[in-house]
Engineer: 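This is the structure, below, for whatever I ask next.
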Amino acid sequence: SSRVLWTLAVTQLEFQTTLRRALTVNQKSPSLVDGSLFFDLDFVPLKPFITPVEFVIRKASGGVWRFETNFDVSPSDIDDSIMIEAGINKTESVSFRLCNIFAAPSPFVAKFTPDSPLDFAVSPAKGLLSPFGTDGTQFIVSYTSNNYGKTLVGTLLRLPRHTGDR
């Protein structure tokens, strides 16, 4: 028989859920066609990660093919810049709204990168991102000036939060 089955093995267990949510694999035909198999892969990651993956194809009559690859998702480009000025020992804030890219609410974590100064804060730090097409979830970014004349730059991340993700 030329029927085949396939599996996808994620070797780094902490990324199994992330990859399962980001990748859809559709086998175009259940069997070999002129010695070839065709698959459609739709990969829509929502956050950066790197993980090795093994794509295994098993022919019902006994053949096994293993294809090793890496999924390497780079951080996305910066969407926008926010300028906040504050007097010494004063806190100023800017608010904005964001929606999910999907028509359903989605859990999120909002935080500044580790190299961002502690003078920046974001609220809420976690919650549900409003669905696409709504007014959006309000975020407030605050800056407390602790130095004269120093320009500080911080990078805010809004990450999806899923059980099993890092």
Engineer: I'd like to check K28 versus D40 (side-chain heavy atoms, cut-off strictly below 4.5 Å). Are they in contact?
Structural biologist: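 Yes, close enough: below the 4.5 Å cut-off.
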Engineer: If the condition is side-chain contact (heavy atoms from CB on, under 4.5 Å), which residues does N89 pass it with, not counting sequence neighbours?
Structural biologist: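 Partners of N89 by the side-chain contact (heavy atoms from CB on, under 4.5 Å) criterion, ordered by chain and then number, come out as N146.
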Engineer: Does any non-hydrogen side-chain atom of F39 lie less than 4.5 Å from one of W6?
Structural biologist: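 Sidechains of F39 and W6: in contact.
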Engineer: Minimum heavy-atom separation for C99 and G136, please, with both atom names.
Structural biologist: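 Shortest heavy-atom contact: SG-CA, 3.5 Å.
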Engineer: Hydrophobic clusters join Ile, Leu, Val, Met, Phe, Trp and Tyr when side-chain heavy atoms are under 4.5 Å apart, directly or via other members; which others share one with V56?
Structural biologist: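 Members other than V56 - counting any ILVMFWY side chain reachable under 4.5 Å - are V64.
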Engineer: Treat each ILVMFWY residue as a node, draw an edge where side-chain heavy atoms are under 4.5 Å apart, and state whether F67 and V53 are in one component.
Structural biologist: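 The answer is yes; both residues are in one hydrophobic cluster.
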Engineer: Please name all residues satisfying side-chain contact (heavy atoms from CB on, under 4.5 Å) with Q138, sequence neighbours left out, ordered by chain then number.
Structural biologist: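 Applying side-chain contact (heavy atoms from CB on, under 4.5 Å) to Q138 gives S95, R97, I140.
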Engineer: With rounding to the nearest 0.5 Å, note down the distance linking NZ in K47 to OG1 in T18.
Structural biologist: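 Here the interatomic distance stands at 4.5 Å.
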Engineer: Provide the closest heavy-atom pair for P117 versus G154 in the form atom of the first, atom of the second, distance.
Structural biologist: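 Shortest heavy-atom separation between P117 and G154 comes out as CD-CA, 4.2 Å.
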Engineer: Evaluate the side-chain proximity of R21 to Q16: yes if any heavy-atom separation is below 4.5 Å, no if none is.
Structural biologist: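 Heavy-atom side-chain distance check fails, nothing below 4.5 Å.
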Engineer: Same cluster for F132 and L98 if Ile/Leu/Val/Met/Phe/Trp/Tyr side chains link at under 4.5 Å?
Structural biologist: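 No; L98 is not reachable from F132 via cluster members.
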Engineer: Determine the minimum heavy-atom distance between S74 and P48, stating which atoms define it.
Structural biologist: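 Shortest heavy-atom contact: C-CB, 4.0 Å.
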Engineer: Would you say L118 and I84 are hydrophobically clustered, going by side-chain heavy atoms of ILVMFWY under 4.5 Å?
Structural biologist: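 Different clusters.
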Engineer: Tell me, do L156 and F139 make a side-chain contact under 4.5 Å, heavy atoms counted?
Structural biologist: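 Of all side-chain heavy-atom pairs linking F139 with L156, none is under 4.5 Å.
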Engineer: Could you give the distance from OG1 (T51) to CG (L13), rounded to the nearest 0.5 Å?
Structural biologist: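 Between atom OG1 of T51 and atom CG of L13 there are 9.0 Å.
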Engineer: Kindly determine whether L37 and Q27 satisfy side chain to side chain contact (heavy atoms under 4.5 Å, CB included), including the steps that lead there.
Structural biologist: CA-CA 8 Å; L37 287 173; Q27 188 174 337; 4.3 Å; yes
Engineer: Which hydrophobic side chains are connected to I88, either touching it within the sub-4.5 Å cutoff or through other members that do?
Structural biologist: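 Taking Ile, Leu, Val, Met, Phe, Trp and Tyr as members, I88 shares its hydrophobic cluster with Y148.
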Engineer: Is there a continuous path of hydrophobic side-chain contacts, each under 4.5 Å between heavy atoms, that joins L5 to V10?
Structural biologist: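 They do not share one cluster, since no chain of ILVMFWY contacts under 4.5 Å joins L5 to V10.
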Engineer: Once rounded to the nearest 0.5 Å, what's the spacing between atom CG of N147 and atom CG of L152?
Structural biologist: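 Nearest 0.5 Å value for the CG-CG distance: 7.0 Å.
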Engineer: Just how far is it from atom CG of L41 to atom OG1 of T24, taken to the nearest 0.5 Å?
Structural biologist: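 The CG atom of L41 sits 9.0 Å away from the OG1 atom of T24.
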Engineer: Transitively linked via ILVMFWY side-chain contacts under 4.5 Å: F43 with I50?
Structural biologist: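 Different hydrophobic clusters.
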Engineer: Are any non-hydrogen side-chain atoms of T137 and L128 less than 4.5 angstrom apart?
Structural biologist: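 Not in contact.
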Engineer: Using 0.5 Å steps for rounding, measure from the CE atom of M83 to the OG1 atom of T151.
Structural biologist: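 Rounded to the nearest 0.5 Å, the CE-OG1 separation comes out at 7.0 Å.
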Engineer: Can you list the residues that meet the side-chain contact (heavy atoms from CB on, under 4.5 Å) rule with S116, with sequence neighbours excluded?
Structural biologist: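 With sequence neighbours excluded, S116 shows a side-chain contact (heavy atoms from CB on, under 4.5 Å) to F112, T113, T155, given in chain and number order.
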Engineer: Taking all atoms of both residues into account, what is the closest heavy-atom pair of P124 and A110, and its distance?
Structural biologist: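 What the structure gives for the nearest pair is O-CB, 3.6 Å.
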Engineer: So which atom in F120 and which in V153 form the shortest heavy-atom distance, rounded to 0.1 Å?
Structural biologist: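 Scanning both residues completely, I find the closest heavy atoms to be CE1-C, 3.9 Å.
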Engineer: In chain order, what residues pass the side-chain contact (heavy atoms from CB on, under 4.5 Å) check against A86, with sequence neighbours excluded?
Structural biologist: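 A86 satisfies side-chain contact (heavy atoms from CB on, under 4.5 Å) with E92, Y143, S145 only.
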Engineer: Would you call L19 and F49 a side-chain contact if the rule is heavy atoms closer than 4.5 Å?
Structural biologist: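 Answer yes - side chains close enough.
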Engineer: Check whether any side-chain heavy atom of F55 sits under 4.5 Å from a side-chain heavy atom of T69, and report yes or no.
Structural biologist: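 No, their side chains stay 4.5 Å or more apart.
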